[in-house]
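Reading through the structure tokens given below for one structure.
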Amino acid sequence: MATDAKKIPYKIYLEENEIPTSWYNMRADMKNKPAPLIHPGTLQPLKFEDMQPIFCDELIKQELDDETAYIPIPEPIQEFYKMYRPSPLTHAVFLEEALGTPAHIYYKFEGNNTSGSHKLNSAIAQAYYAKEQGLKGVTTETGAGQWGTALSMACSFFDIDCKVYMVKVSYEQKPFRREVMRTYGASVTPSPSMETNIGRAINAEHPGTTGSLGCAISEAVEVATSNEGYRYVLGSVLNQVLLHQSVIGLETKAACDKYGIKPDIIIGCAGGGSNLGGLIAPFMGEKLRGEADYRIIAVEPASCPSFTRGKFVYDFADTGKVCPMAKMYTLGHDYIPSPNHAGGLRYHGMSSILSQLYHDGLMEARTVEQTKVFEAAEQFARVEGILPAPESSHAIRAAIDEALKCKETGEEKTIIFGLTGTGYFDMTAYEAYNDGKMNDYIPTDEELAESFAKIPDIGL
Ligand SMILES: *Cc1c(COP(=O)(O)O)cnc(C)c1O
């Protein structure tokens, strides 16, 4: 699509009054709706009352709403968004030049806030609804720490308590993230802890364990359900999180419309699917309604290939099996990806919305290997200036690869990718890459088969 690229500024900032005032709910336009969360005992879809002890009321309504296309963003959230939104859509002219490609590359940068990633877009919404409900606080887990950081910022803004269960190994290895959370007033507990029944049981069974995300989820849910005035919140995967993240895509679409940019390809990294689901939302809406067509590409690590090698079945959302079951592309709730350096992409499952869209052929997925990801990250950093998060760099890799294909064919395609965050807390990963000590682990079919075998066969 030939647009007059010269007339487009390097950084496209929308005006403050162009920040979306409603989120867009893709499910409203999906013919095949994502499968509902089900109760592992009864196998029945979870109803509002079933979720009430765990989640905030308004968030449950959003989770269950497959029909309302536009959901107004409450004014206090709109006000908070003004602190760091609209985020820039940047024309990657220096990267284009370095690659010598005829392609036009744009990236939507979500790292312009202290938490350093897009996760704040949903954290602030979730903290707001907890406050509105009169709750005392929320609990959550965090692995690499991005979600915990975003949530602690959001909770301090609305003055509610925030209890974060942080996987012990990250707690010890990432003291800086931990201190950012404490600076914003959150309590951070290494998981498994001795404060919960589940934590004590796990510690007794596996003395000296360094923990896992699944175990931290179990602890956070236990604390939320056993303390009056607390609920549990989650930073990805859920329908409500994709809804909040649609602010990314709506701004991107508005910027494109303003300057006559029509993307051919939209690319995002996929861990649980929230940034990608948010970025593509309005574009997928057009695609679902038959108004336009776009190639949409999800990029995942070769070490955790949920879309590309997973099964589309009901599985537990967490290792500890305390959460409901979701129908999604999954590697099995027991799958522990090799310790790669993109912590935010190491989830065994995938958003049910994106899983359904992928299953219906409305988007593509591919995997990339770690060293190739960091190669792209450094190439990008050196010409575009921003130091990208390892997660985001999966999208950079795919965007560069598509731009290089254009160089071969001479096609002038327009590529947009999501740059989800910055990598300042990931320098041990960059160190491993710079020292040539990074490896590219790819699970074997046998390993995956072993983990698939543990997915309960419920015939759905
Ligand atoms: C958490 C995270 C991701 C992956 O999560 P999604 O829910 O798939 O978006 C990607 N990039 C960054 C910077 C993150 O913090």
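Numbering of ligands and ligand atoms starts at 1, following listing order.
A donor-acceptor contact closer than 3.5 angstrom links the side chains of Ser392 and Thr420. A donor-acceptor pair shorter than 3.5 Å cannot be found between the side chains of Glu58 and Tyr128. Side-chain atoms of His91 and Tyr107 form no donor-acceptor pair, as typed in the model, at a separation below 3.5 Å. A donor and an acceptor atom, one from each side chain of Tyr232 and Glu141, are located under 3.5 Å apart.
Checking side-chain atoms of Lys311 against main-chain N and O of Phe452 turns up no donor-acceptor pair under 3.5 Å. Proximity of a side-chain donor or acceptor of Ser122 to a complementary backbone N or O of Gln245 within less than 3.5 Å is not detected.
Distances below 4.0 Å separate heavy atoms of Leu345 from the following atoms of ligand 1: 4 (C). Close approach of ligand 1 to Cys269 (heavy-atom distance below 4.0 Å) involves ligand atoms 10 (C). Listed by number with element, the atoms of ligand 1 under 4.0 angstrom from any heavy atom of His118 are 2 (C), 3 (C), 9 (O), 10 (C), 11 (N), 12 (C), 14 (C). Taking a cut-off of under 4.0 Å to the non-hydrogen atoms of Ser117, the atoms of ligand 1 that pass are 13 (C), 15 (O).
The protein non-hydrogen atom at the shortest distance from atom 5 (O) of ligand 1 is Gly344 O, 3.9 Å. In terms of protein heavy atoms, atom 10 (C) of ligand 1 is closest to Glu391 CB, 3.4 Å. Closest to atom 8 (O) of ligand 1 among all protein heavy atoms lies Gly271 N, 2.7 Å. Thr420 OG1, 3.4 Å is the protein heavy atom nearest to atom 12 (C) of ligand 1.
Seen from the ring of Phe158, Lys131 does not count as a face-on cation partner, given the 6.0 Å and 45° thresholds.
For a threshold of 3.5 Å applied to N or O pairs, the pair formed by Ser236 and ligand 1 contains at least one separation below that value. Considering backbone and side-chain N/O atoms, Gly272 comes within less than 3.5 Å of an N/O atom of ligand 1. Checking only distances, Ala389 never comes within under 3.5 Å of ligand 1, N or O to N or O. At under 3.5 Å, not a single nitrogen or oxygen of Ser392, backbone or side chain, sits near a nitrogen or oxygen of ligand 1.
The parts of Ser274 lying near ligand 1 are both backbone and side chain, judged by heavy-atom distances below 4.0 Å. By the criterion of a heavy-atom distance under 4.0 Å, neither the backbone nor the side chain of Val241 is placed next to ligand 1.
Considering Thr422, Asn121, Asn275 as possible partners of Glu110, the one that fulfils the side chain to side chain donor-acceptor pair (under 3.5 Å) test is Asn121.
Arg85 and Glu251 are joined by a salt bridge, as a carboxylate oxygen and a charged side-chain nitrogen come within less than 4.0 angstrom of each other.
In this structure, the ring of His333 has its center less than 6.0 angstrom from the ring center of Phe316.
For atom 3 (C) of ligand 1, the nearest non-hydrogen atom from the set Lys119, Met350, Gln245 belongs to Lys119.
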